[in-house]
Amino acid sequence: MDFSYGPNVDGLRGQLDSFMDDHVYPAEAVYVEQMAQAGDPHHHPEILERLKHEARGQGLWNLFLPDEEAGAGLSVLEYAPLAEITGRSPSLAPEALNCSAPDTGNMEILHMFGTAEQKERWLAPLLDGEIRSCFSMTEPDVASSDATNIRTRIERDGDGYVITGRKWFSSGAASARCKFSIVMGVTNPEADRHRMQSMVIVPLEADGVEVERDPTVFGYHDRGGHPQINFDGVRVPAANLLGEEGGGFAIAQARLGPGRIHHCMRAIGAAERCLDLMIQRSKSRVAFGRPLSDQGVVREWIADARIRIEQARLLVLKAAWMIDNVGTKAARTEIAAIKVVAPGLLTFVADRAIQLFGAAGFTPDWPLAQLYSMGRWLQIADGPDEVHRRSVARAELNRLDPGAEFTH
């Protein structure tokens, strides 16, 4: 496996590093100030539009999409180090580059499965950064770690579909800029368990769509939120079906493969920032007559963080390489593994950094508590760790014939 990058990617990495230094990091304090002044946790601050304008002008736009016309034409492996850099400022950098979830996943499946009409109406404004979208799969009343538990119904009625059900953690739906959701529900309850579900595009302005509540995550109100949405007999045209009936599970798997690479590399970038802050703090603070950096336990934390970051990065890059070269299905074990490793890495490094910062680590003066929350959230988002461990274990157990003799 070759994880080296060509001149194009190396150039983009250098350009993105400079963009972060010159524009994103200085904008973080401005972002906090503008959000506080607005008094609305879902406000779209002016500083973000300035960053988007600057990023687009520099060609740092839609880097995640492999299509050369609509995106940057990068492979999953080539985009991975760029996603890591954006993870160092997750509230600003991904959206500044039009590379933030859940829009990236929605753009990918619209690009792969959307009709010409769907692409014109929904994909084009997403690619231009004019609107946002959400993805409605998880439900509050069932164990959504098993997607076959989904109860929301999508029923054909004449020239349309009627959607009835309740979804939650539809991330981003509380934003006024969020114009539609891709909803997964059951179209044929009698079909095979992986062919029961379909996906439809539902405008959030449609009759019967109600954003019922917007729960916080660890007390944080993420911009755009993670709302609970009630779809009460919502009617959409049949042309809003994404792909084919019964294809919802397959589309979800296609969406989650590259998306998990993006999530995991951003988590690694966030861990790198936590480590940088931990190192800087350890050199500037004195306790018991010596800099914290001289304390043996602090050096152990720093060493462990570096070792775990390098291990996680290599595993994620392997998964990205496999997606590019043998496909998402063949890489499913590696994808499951990184989904356990990367969030665990971020929570570990952020936790050690918080411990070193002391009480300051809990405050919004530093991004550590928020980054810890991000890591802990990722241990459940896109499937809990237990489901991914189950997948890895199943693959290992199937690898050897139970009657095979042990080799010595």
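Every value quoted in this text rests on a predicted model; they were computed, and no experiment measured them.
Paired with Val183 under the rule side chain to side chain contact (heavy atoms under 4.5 Å, CB included), one option of Ile201, Val202, Leu242 passes, and it is Val202. Considering Glu54, His53, Glu46 in turn, Glu46 is the only one that fulfils the side chain to side chain contact (heavy atoms under 4.5 Å, CB included) rule with Arg50. Each of Ile85, Val24, Leu12 was evaluated against Phe19; a single residue qualifies, Val24, per the side chain to side chain contact (heavy atoms under 4.5 Å, CB included) test.
Of the possible donor and acceptor atoms, one in the side chain of Asn106 sits under 3.5 Å from a partner among the backbone N and O of Cys134. Judged by distance alone, the side chain of His388 and the main-chain N or O of Gly383 form a donor-acceptor pair under 3.5 Å. Panel note: side chain Tyr31, backbone Pro45; no donor-acceptor pair is recorded below 3.5 Å. Counting only distance, with no hydrogens or angles, the side chain of Asn98 and the backbone of Lys52 share no donor-acceptor pair below 3.5 Å. For Glu108 (side chain) and Pro66 (main-chain N/O), no donor-acceptor pair under 3.5 Å exists by modelled atom type. Checking side-chain atoms of Arg177 against main-chain N and O of His44 turns up no donor-acceptor pair under 3.5 Å. With hydrogens and angles ignored, the 3.5 Å screen pairs no side-chain donor or acceptor of Arg376 with any backbone N or O of Ser373.
Using the six-membered ring where Trp is involved, Phe180 and Trp122 have ring planes that are tilted, between 30° and 60° apart. Ring geometry for Trp377 versus His226: interplanar angle of 30 to 60°, hence tilted. Classification of the Phe249-His194 ring pair by plane angle, with boundaries at 30° and 60°, yields tilted.
Side chains of Leu48 and Arg223 form a contact here, defined as non-hydrogen atoms less than 4.5 Å apart. For the pair Ser18 and Asp21, the minimum side-chain heavy-atom distance is 4.5 Å or more. Within the 4.5 Å cutoff, no side-chain heavy atoms of Lys318 are placed close to those of Leu314. By the 4.5 Å heavy-atom criterion applied to side chains, Met107 and Ser133 are not counted as neighbours. Looking only at side-chain heavy atoms (C-beta outward), Val217 and Phe169 come within less than 4.5 Å of each other. Considering only heavy atoms from C-beta on, Arg132 comes within 4.5 Å of Glu95 through its side chain. Proximity of Trp366 to Ile354: side-chain heavy atoms (C-beta onward) are nowhere separated by under 4.5 Å. Within the 4.5 Å cutoff, the side chain of Trp321 has no heavy atoms near those of the Glu334 side chain.
Between Arg399 and Glu396 there is a salt bridge, since a side-chain N of the basic residue sits under 4.0 Å from a carboxylate O of the acidic one. At a threshold of 4.0 Å, the pair Lys119-Glu69 does not count as salt-bridged, since none of the basic side-chain nitrogens sits closer than that to a carboxylate oxygen. With respect to the salt-bridge test (charged N to carboxylate O, under 4.0 angstrom), the residues Arg88 and Asp276 qualify. A salt bridge links Arg306 with Glu272: at least one charged nitrogen is closer than 4.0 Å to a carboxylate oxygen. For the pair Arg121 and Glu117, the salt-bridge criterion is not met [side-chain N within less than 4.0 Å of a carboxylate O]. Salt-bridge check for Arg195 with Glu244: passed, with a basic side-chain N closer than 4.0 Å to an acidic carboxylate O. Salt bridge annotation for Arg56-Asp128: present, with a cationic side-chain nitrogen under 4.0 angstrom from a carboxylate oxygen.
Counted by atom type alone, Ser89 and Glu28 present one or more donor-acceptor pairs between their side chains at under 3.5 Å. No hydrogens or angles considered: nothing links the side chains of Ser282 and Ser293 as a donor-acceptor pair under 3.5 Å. A side-chain donor from one of Arg193 and Thr148 sits under 3.5 Å from a side-chain acceptor of the other. Counted by atom type alone, Ser170 and Ser181 present zero donor-acceptor pairs between their side chains at under 3.5 Å. Checking Thr152 against Glu139 by side-chain atom types alone, a donor-acceptor pair falls below 3.5 Å.
Here the CG atom belonging to Leu110 is positioned 6.5 Å from the CD atom belonging to Gln118, to the nearest 0.5 angstrom. Atom CD in Glu245 sits 7.0 Å away from atom CZ in Arg156 (nearest 0.5 Å).
Counting heavy atoms of neighbouring residues, nucleotides and ligands inside a 6.0 Å radius, atom CD of Glu68 does not exceed 12 of them. For Gln15, the CD atom is densely surrounded, since the number of other residues' heavy atoms within 6.0 Å is greater than 12. Within a 6.0 Å sphere centred on CG of Asn398, heavy atoms belonging to other residues, nucleotides or ligands number more than 12. Shown here is Asp365, whose CG atom has more than 12 heavy atoms of other residues, nucleotides or ligands within 6.0 Å.
Cation-pi geometry between Arg308 and Phe348 is satisfied (NZ or CZ under 6.0 Å from the ring centre, within 45° of the ring normal).
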